[in-house]
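For reference, the structure discussed in these notes is given below.
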Amino acid sequence: MMNSQLQKLNHAPSFSLLPKSSIHTNDLIRHGSPSLINILPRHPVRQNDHNKKKSSSCVVIRASSGELGSSAAVSTVTTTITSIENKAVSVKAVVTVQAGGFLSNILTRPLDEITDLLGKTLLLELVSAELDSKTGLEKDRIKGYAHKASHNDDDVIYESNFTIPAGFGEVGAIEVENEHHKEIFIKTIDLQGFPNGSVNVPCNSWVHAKFDNPQKRIFFTNKSYIPSETPNGLKRLRELELENLRGNGEGERKTSDRIYDYDTYNDLGDPDSKEELARPVLGSKEHPYPRRCRTGRPRTKKDPLSETRSSSVYVPRDEAFAEVKELTFSAKTLKSVLHALLPSLETALLNPELGFPYFTAIDSLFNEGVTLPKPKTSGFFQTIIPRLVKTITDGGDDLLLFETPEIIDRDKFAWFRDEEFSRQTLAGLNPYSIELVTEWPLKSKLDPEIYGPPESLITTELVEKEIKGCMTVDEALKRKKMFILDYHDLYMPYVNKVREIEGTTLYGSRTLLFLTEDGTLRPVAIELTRPPVGDKPQWKQVFTPTWDATGCWLWRLAKAHVCAHDAGYHQLVIHWLRTHCATEPYIIAANRQLSAMHPIYRLLHPHFRYTMEINALARESLINAGGIIEGCFSPEKYSIELSSAAYDQLWRFDMEALPADLIRRGMAVEDPTAEHGLKLTIEDYPFANDGLILWDAIKEWVGDYVNHYYPDPTLVESDTELQGWWTEVRTKGHADKKDEPWWPVLKTPENLIHILTTIIWVTAGHHAAVNFGQYMYAGYFPNKPTIARTNMPTEDPSEEFFKNFLKKPEMALLMCFPSQIQATKVMAVLDVLSNHSPDEEYLGEKLESSWAENPVINAAFERFNGNLKRLEGIIDERNTNLKLKNRVGAGVVPYELLKPFSAPGVTGMGVPNSISI
């Protein structure tokens with residue numbers, strides 16, 4: 001069908017305006033043509049508004065991370081025709097600027113208004129894609145100033161007129177110089193008057209003032225080119241733009257800069273403020289870590305290796321989202337919670353160590369709330385975080401009132417039950433930790449001279465007793481029936497250090513689970529271990545589900561410790577390290593090495609939206625010394641250092657792909673005859689069941705895209721920008737692991753497809769699975785406490801402590817749980833982190849303009865969108881199948897975290913393109 005349509009098009013009259021020498025069928029297919037687009041069936045896919053108007057040509061720049069979506073883009077892309085061979089063309093440029101996108105202060109505003117009156121706000125220079133045939137040099141630019149024409153609440157319009165001479169050729173780029181004294185946010189530039197309709201430039205980017213930086217901004221057309229295919233007239237500008245983005249690695253970065261460079265995590269501590277806020281540099285031989293974006297701030301006085309902190313953290317200008325209207329919901333809300341709500345909470349709850357006196361006091365957070373001091377600005381909290389804060393009376397105090405998390409709304413006692421504890425390892429907040437037991441007996445790999453005897457006390461006899469003799473341990477191992485949550489070796493080196501801090505404690509832990517005949521898990525035993533300390537030998541004890549009262553309460557306390565271990569590992573390793581932190585180097589390398597016109601840059605760009613900004617905010621207030629994580633999680637000041645240890649011991653790029661991750665944990669084996677090429681060890685594993693369908697959909701889309709642009713396999717290895725990107729990811733972005741043998745090679749389209757699928761999976765599927773269920777599962781903190789504050793009653797207890805435990809065991813559990821201030825802080829933050837903003841861009845939902853231009857890519861994206869809609873239907877169907885007991889049942893929260901699309905708010909579903917919160 002497609003071939004016959006293409007054959008007809010070889011003689012189609014719609015190309016008659018082009019010089020004959022420029023008509024090449026391959027080029028038309030790869031870079032797009034109007035007729036090819038028109039013959040393809042259209043399906044409902046969310047697109048920029050530029051797909052709603054008449055067919056026209058389009059020019060695009062490297063869009064900002066804060067792309068304005070449908071409000072900013074205004075034309076469907078066909079092919080770029082800017083002048084015909086023998087005739088000059090008069091065109092009008094219409095520049096749309098974001099109202100409020102001017103950050104002029106009171107001193108420079110009058111000067112900018114004079115500039116507007118003189119009609120010299122923006123200098124536009126049209127660049128030909130062709131070199132001058134006589135001189136071999138770039139053709140002269142066609143220049144013109146844009147003057148202010150009109151404005152409304154949303155936009156300010158500037159206009160300019162050009163005459164494009166005969167023989168100028170296609171417009172390949174536009175250079176812009178901002179004559180104002182402050183930056184402006186340009187949405188689009190429309191060039192109106194071409195024979196084939198207007199040329200649209202969806203900019204969505206900050207343009208600096210020439211007084212801050214004399215470099216003009218370079219905007220490229222919407223056609224994608226690998227380096228070897230770059231039109232001759234654009235080759236110099238292609239390299240120049242990349243040089244501008246790389247910078248020279250010197251000096252402190254200014255807010256207006258667009259420079260991407262690397263640095264270590266040397267800005268988490270604040271030694272100049274307090275000695276106890278000093279932290280080691282992460283990103284060294286001692287503490288390996290991914291790299292973050294360089295800011296160039298001066299070093300601290302007390303530690304020459306650490307960088308001084310500042311009230312705002314630099315990110316390249318087009319990665320920031322704070323000033324652009326309607327794109328700030330999640331970020332502004334999070335900032336408001338961190339900088340305004342949490343300090344108010346500290347004022348309201350004076351005693352930071354005060355726990356909850358009874359369980360009904362925890363319930364009161366959802367039905368009575370916490371009264372907050374009256375804010376300085378009336379209605380401030382209601383405007384920014386109406387979901388969290390209500391006003392009691394006009395002019396009265398504010399009330400922090402939490403929504404009831406779904407897990408408690410469906411079953412108030414779900415958190416108490418062993419079967420729910422086990423089920424959440426497969427379908428909860430952290431489905432990434434459970435592993436198949438493959439070695440027996442269990443044994444630590446740590447040095448016994450330091451940490452004590454390595455053998456576990458979970459013995460064969462104990463296990464066979466607990467599984468009621470239904471099979472031997474050997475049989476259970478052969479039949480793949482035993483699973484483990486293993487937080488022993490990673491946590492043990494930190495146990496004694498953490499215990500020196502008041503108000504927290506830590507153990508190394510192992511939790512053994514058994515797969516029953518109905519496909520559900522049940523916990524068999526929990527082992528808690530403390531290494532030798534001082535003159536005390538190693539302490540360890542195994543706890544099991546029992547029927548006697550004392551044993552029952554000890555089991556519940558042991559589960560609370562394991563839940564705190566799991567909450568810390570989830571937040572620090574599975575969430576922060578493996579998604580947010582590991583992704584930043586991919587973004588930096590892409591902007592430094594891949595041109596805006598590179599097809600792989602355009603494929604990856606939607607998956608990098610807002611990530612650097614949200615990571616900067618995390619360094620500012622969440623993972624910093626004395627920040628939320630340190631104050632509310634068991635490892636306290638060692639929290640991020642522990643994530644460095646996990647990076648050192650566990651992180652491998654080749655294992656970040658979902659199939660490889662499942663195989664590594666023994667949760668699947670390769671099976672060419674099975675769906676997805678894998679056979680799951682536990683058939684009803686909701687995260688893996690849904691995740692593998694999503695992985696396959698991503699891989700098919702990426703495969704279609706890559707194979708289109710790299711029809712000859714040798715093009716991958718010869719693509720200098722692509723090779724530069726992948727080399728820099730390995731050697732600079734993840735420099736501490738640059739010599740590891742497991743890095744994938746990049747020589748073929750198959751290599752590239754796997755690498756890109758892995759990155760997109762991490763930014764989309766992996767992050768969604770471990771982020772957007774946070775309030776649902778951890779909003780009621782007894783289900784997932786972030787900290788255990790007291791030791792087990794059986795570990796070196798005083799007579800009085802054990803007596804109190806026997807008298808009122810409920811109090812022992814409440815004392816172990818987070819304090820009131822810790823719990824409410826975490827609940828407020830998790831509520832915001834679990835929230836989808838109104839401008840969220842979901843995987844496979846929005847057709848980028850450069851993809852719409854190309855019929856092959858357009859069709860591939862339609863298939864991708866269709867596959868994701870089918871996945872939604874599959875998940876809905878699975879959630880009604882009562883045979884799938886790990887995702888369906890009385891009071892069970894259905895597993896929807898990998899449903900691709902969602903409405904705004906805390907929904908427990910939706911897979912955004914990027915790590916944007």
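Computed from a predicted model, the values in this text were never measured in an experiment.
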Given Phe687, which of Leu658, Val770, Asn886 fulfils the side-chain contact (heavy atoms from CB on, under 4.5 Å) condition?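 Answer to the side-chain contact (heavy atoms from CB on, under 4.5 Å) test with Phe687 among Leu658, Val770, Asn886: Leu658.
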
Heavy-atom pair of closest approach, residues [X] and [Y]:
X: His607; Y: Asn913; result: ND1-O, 3.0 Å
X: Arg887; Y: Arg423; result: CA-NH1, 4.3 Å
X: Ser914; Y: Pro606; result: CB-O, 3.6 Å
X: Ala590; Y: Tyr601; result: O-CD1, 3.9 Å
X: Val888; Y: Thr880; result: CG2-N, 4.2 Å
X: Lys732; Y: Arg291; result: O-CG, 3.1 Å

Scan side-chain atoms only and decide if [X] and [Y] contain a donor-acceptor pair under the 3.5 Å cut-off.
X: Asn881; Y: Arg878; answer: no
X: Thr472; Y: Asp474; answer: no
X: Thr714; Y: Ser718; answer: no
X: Tyr487; Y: Ser433; answer: yes
X: His575; Y: Tyr569; answer: no
X: Arg602; Y: Ser224; answer: yes
X: Gln593; Y: Glu728; answer: yes
X: Tyr610; Y: Asp839; answer: yes
X: Asn867; Y: Glu700; answer: yes

SB check [X] [Y] (cutoff 4.0 Å):
X: Asp566; Y: Lys784; result: yes
X: Glu406; Y: Arg410; result: yes
X: Glu656; Y: Arg578; result: yes
X: Lys885; Y: Asp684; result: no

Is a side-chain donor or acceptor of [X] paired with a backbone partner of [Y] at a separation under 3.5 angstrom?
X: His734; Y: Ala582; result: yes
X: Thr763; Y: Ile760; result: yes
X: Asn707; Y: Gly703; result: yes
X: Tyr895; Y: Leu426; result: no
X: Asn783; Y: Tyr777; result: yes
X: Gln424; Y: Trp415; result: no
X: Thr516; Y: Leu521; result: no
X: Asp736; Y: Tyr289; result: yes
X: Asn771; Y: His767; result: no
X: Asp671; Y: Gly677; result: no

Less than 6.0 angstrom separating the ring centers of [X] and [Y], yes or no?
X: Phe608; Y: Tyr586; value: no
X: Trp726; Y: Phe653; value: yes
X: Tyr432; Y: His766; value: yes
X: Phe772; Y: His836; value: yes

side-chain contact (heavy atoms from CB on, under 4.5 Å) between Trp701 and Ile857, intermediate numbers included: CA-CA 9 Å; Trp701 154 240; Ile857 301 303; 3.9 Å; yes

Can you check whether Val463 reaches Met482 side chain to side chain, under 4.5 Å on heavy atoms?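 A side-chain contact under 4.5 Å exists here.
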
Are side-chain heavy atoms of Ile587 and Thr611 found at a separation under 4.5 Å?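 Touching, per the 4.5 Å side-chain cut-off.
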
Kindly check if the number of other-residue, nucleotide or ligand heavy atoms within 6.0 Å of [atom1] ([X]) is above 12?
X: Glu683; atom1: CD; value: no
X: Lys699; atom1: NZ; value: no
X: Glu877; atom1: CD; value: no

Tell me, with the steps shown, if Glu584 and His580 meet side-chain contact (heavy atoms from CB on, under 4.5 Å). CA-CA 7 Å; Glu584 187 152 337; His580 287 259; over 6 Å; no

Please work out whether the ring planes of Trp742 and Trp651 are parallel, tilted or perpendicular, with thresholds of 30° and 60°.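 Aromatic pair Trp742/Trp651 classed perpendicular.
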
Checking side chain to side chain donor-acceptor pair (under 3.5 Å) for the pair Ser509/Glu527: CA distance, chi angles, key distance, verdict? CA-CA 6 Å; Ser509 70; Glu527 181 180 44; over 6 Å; no

Could you give me the CA-CA distance, side-chain angles and deciding distance for Glu848 and Lys846, then say whether salt bridge (charged side-chain N to carboxylate O under 4.0 Å, His left out) is met? CA-CA 6 Å; Glu848 298 292 319; Lys846 193 187 82 171; 3.5 Å; yes

Just checking, Lys737 and Tyr647: is the charged tip under 6.0 Å from the six-membered ring centre and within 45° of the axis?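 Judged by the rule (NZ or CZ under 6.0 Å from the ring centre, within 45° of its axis), Lys737 counts as positioned above Tyr647.
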
Please assess Val524 against Ile458 for the test side-chain contact (heavy atoms from CB on, under 4.5 Å), listing each intermediate value before the final yes or no. CA-CA 9 Å; Val524 172; Ile458 302 177; 5.9 Å; no

According to side-chain hydrogen bond (donor to acceptor under 3.5 Å, both in side chains), who are the partners of Thr907, at least two apart in sequence or on a separate chain?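 For Thr907, the residues satisfying side-chain hydrogen bond (donor to acceptor under 3.5 Å, both in side chains) (neighbours in sequence not counted) are Ser902.
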
The criterion is side-chain hydrogen bond (donor to acceptor under 3.5 Å, both in side chains); which residues satisfy it with Arg730, sequence neighbours excluded?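 Testing Arg730 for side-chain hydrogen bond (donor to acceptor under 3.5 Å, both in side chains), a comparison that skips the adjacent residues, returns none.
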
Please report the C-alpha distance between His598 and Trp725 in whole Å, then the side-chain angles of each, then the deciding distance to 0.1 Å, and finally whether the ring-ring contact (aromatic ring centres under 6.0 Å, His included) criterion is met. CA-CA 11 Å; His598 199 294; Trp725 166 69; 9.0 Å; no

Should Val832 and Tyr775 be marked as a side-chain contact (heavy atoms from CB on, under 4.5 Å) after you check the CA-CA gap, both sets of side-chain angles, and the distance that decides it? CA-CA 8 Å; Val832 177; Tyr775 190 74; over 6 Å; no

Could you work out, with ring pair (Phe, Tyr, Trp, His ring centres under 6.0 Å) as the rule, every residue matching Phe514, not counting sequence neighbours?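 If we apply the ring pair (Phe, Tyr, Trp, His ring centres under 6.0 Å) test to Phe514, skipping adjacent residues, there are no hits.
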
